[in-house]
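Scope of the values below: all heavy atoms of this structure, side chains included, with no hydrogens, waters or symmetry mates. Proteins get letters first, then strands, A, B, ... in listed order; numbering begins at 1 in each.
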2 protein chains.
Amino acid sequence: MPIASTRNLIIEKADALFYEGGFEATSFADIATAVGISRGNFYHHFKTKDDILDAVIVLRMERTRAMLDGWQAEGEGPRERILSFIHMLIANRAKIMAFGCPVGTLCSELAKLDHAAQKRATEILGLFRDWLAGQFHALGAGDQAEALALHLLAWSQGVAVMATAFRDEAFICSEVAGIERWMANATSLSHPV
Amino acid sequence: MPIASTRNLIIEKADALFYEGGFEATSFADIATAVGISRGNFYHHFKTKDDILDAVIVLRMERTRAMLDGWQAEGEGPRERILSFIHMLIANRAKIMAFGCPVGTLCSELAKLDHAAQKRATEILGLFRDWLAGQFHALGAGDQAEALALHLLAWSQGVAVMATAFRDEAFICSEVAGIERWMANATSLSHPV
DNA sequence: GAATTATTAGGACATTTGTCCTAGGGCGTC
DNA sequence: GACGCCCTAGGACAAATGTCCTAATAATTC
């Protein structure tokens with residue numbers, strides 16, 4: 001856990017505000033107010049808004065890596081690890097219904113803004129993809145591992161978008177159940193989708 | 001086809017700009033420039049930015065309804081109609097890779113902005129859901145029809161998000177092929193997912 | 001304790017934002 | 001030809017935006 005320096009506080013609050021309100025709609029003033037510092041102080045830590053975005057992406061990458069490493073170290077099998085990933089949809093359902101998936105919505109927004117950081121944001125999705133591919137590989141999926149990983153990522157992204165649009169908690173649960181059924185079906189894993 | 005009045009031109013351009021740049025990031029000036037009129041003229045047609053958004057949503061609803069009605073009238077069976085829906089992912093892949101799904105990204109953005117129009121935007125997704133549910137019902141899915149419709153909608157939304165993030169055309173194609181396989185499998189249709 | 005650096009507050013700056021007003025031009029109707 | 005009405009241009013307006021400067025304070029180093 002990093003020290004609670006002003007800089008880290010800014011990144012923390014910016015992370016939440018970018019998630020809950022979007023990058024474009026969140027202003028310097030919003031973040032400064034949330035942190036409780038003056039706008040002038042802000043400039044000492046971050047020269048531009050894009051610099052904050054970069055820092056937020058770095059933070060999210062570190063947290064994602066830490067989360068994946070944590071699941072990896074828990075000692076259970078790849079099937080259980082994949083379920084840990086999927087159950088994020090349940091654990092974070094309230095926030096997902098309100099704001100969507102933090103990574104997916106950021107990638108979408110940055111794509112529309114034609115923002116240089118979009119590539120880096122996508123790398124977070126890449127972390128999930130590679131980690132999931134590793135799990136599927138361990139399950140014996142062979143060269144289908146990455147395709148299965150991408151498919152599962154897309155599935156969860158779709159659930160997040162729909163859950164946000166319809167504010168439908170039951171839908172999240174039924175889709176997660178569907179993924180669990182899909183995971184339990186060994187045949188599906190050698191023949192993707 | 002509506003007449004090309006200034007008002008309709010504004011809605012048309014706003015529709016494209018909202019899609020390609022996002023609602024929040026698109027300004028009055030952007031739309032006025034795209035249409036080729038002065039900002040003052042603008043106000044005569046739309047009092048607020050939200051009014052334009054409403055008009056854009058109405059336009060998209062009409063176009064969606066027209067598209068669905070068109071597929072309905074083509075005389076083929078429900079299975080072919082559902083495939084028409086899915087093949088939008090292929091037909092619009094260039095735009096989807098650049099800007100995502102017009103409806104999904106709008107719903108996500110409006111959710112973050114806590115915008116009053118989010119509900120209306122979601123109704124466009126509702127049109128697709130109800131139409132798809134009708135097709136699944138015609139396929140004999142019974143009371144599973146709506147669940148299947150939501151699942152397929154989520155699937156396509158997920159593909160759109162991933163395609164945007166990774167700019168991956170091959171992924172779109174392979175997922176569409178997966179959906180076609182899923183559609184061809186009658187067993188899946190009585191046991192969703 | 002002095003010197004240097006890091007951090008802070010407050011505000012300036014030009015630009016852009018959404019919104020709104022006014023004045024005039026083009027139009028058809030009496 | 002005069003009237004009224006829709007449409008248009010241009011700009012005014014306060015507020016907010018990202019960016020940047022200066023001066024004062026706090027912390028660290030010697």
I need the CZ-C1' distance between B/Phe42 and C/dC20, as an integer number of Å. 14 Å
Sub-3.5 Å pairs of nitrogen or oxygen atoms, protein against nucleotides 17-19 of chain C:
{"from": "C/dT17", "atom 1": "OP1", "to": "B/Ser27", "atom 2": "OG", "distance (Å)": "3.3"}
{"from": "C/dG18", "atom 1": "OP1", "to": "B/Lys49", "atom 2": "NZ", "distance (Å)": "3.1"}
{"from": "C/dG18", "atom 1": "OP2", "to": "B/Phe28", "atom 2": "N", "distance (Å)": "3.0"}
{"from": "C/dT19", "atom 1": "OP2", "to": "B/Lys49", "atom 2": "N", "distance (Å)": "2.8"}

Hey, is the side chain of B/Asn41 poking within less than 4.0 Å of OP1 or OP2 on D/dC7, counting only N and O atoms? no
From CZ of A/Phe46 across to P of C/dT8 the rounded distance in Å is 12 Å
N/O (side chain, B/Thr6) to phosphate O (OP1/OP2, D/dT8) under 4.0 Å: yes
Check A/Glu123 with A/Arg65, please: is the shortest side-chain N to carboxylate O separation under 4.0 Å? no
Separation of D/dA27 C1' from A/Arg7 CZ (nearest whole Å): 19 Å
Measure from NZ or CZ of A/Lys49 to the centre of the six-membered ring of A/Phe46 and say whether it is under 6.0 Å with the direction within 45° of the ring axis. no
Would you check if the side chain of B/Lys112 reaches a backbone N or O of A/Phe99 as a donor-acceptor pair within less than 3.5 Å? yes
Whether the side chain of A/Thr122 engages the backbone of A/Cys107 through a donor-acceptor N/O pair (distance < 3.5 Å, no angle test) should be reported. no
Take the protein atom NE2 of B/His44 and the nucleotide atom C1' of C/dC21, then report the distance between them rounded to whole Å. 13 Å
Nearest whole angstrom, please: distance from the C1' of C/dT7 to the CD1 of A/Ile10. 11 Å
Test of understanding: with salt bridge (charged side-chain N to carboxylate O under 4.0 Å, His left out), list the residues that count as partners of A/Arg60, not counting sequence neighbours. A/Asp15
A/His115: ring pair (Phe, Tyr, Trp, His ring centres under 6.0 Å) partners, not counting sequence neighbours: A/Phe23
So does A/His45 get a side-chain nitrogen or oxygen closer than 4.0 Å to the phosphate oxygens (OP1/OP2) of C/dT8? yes
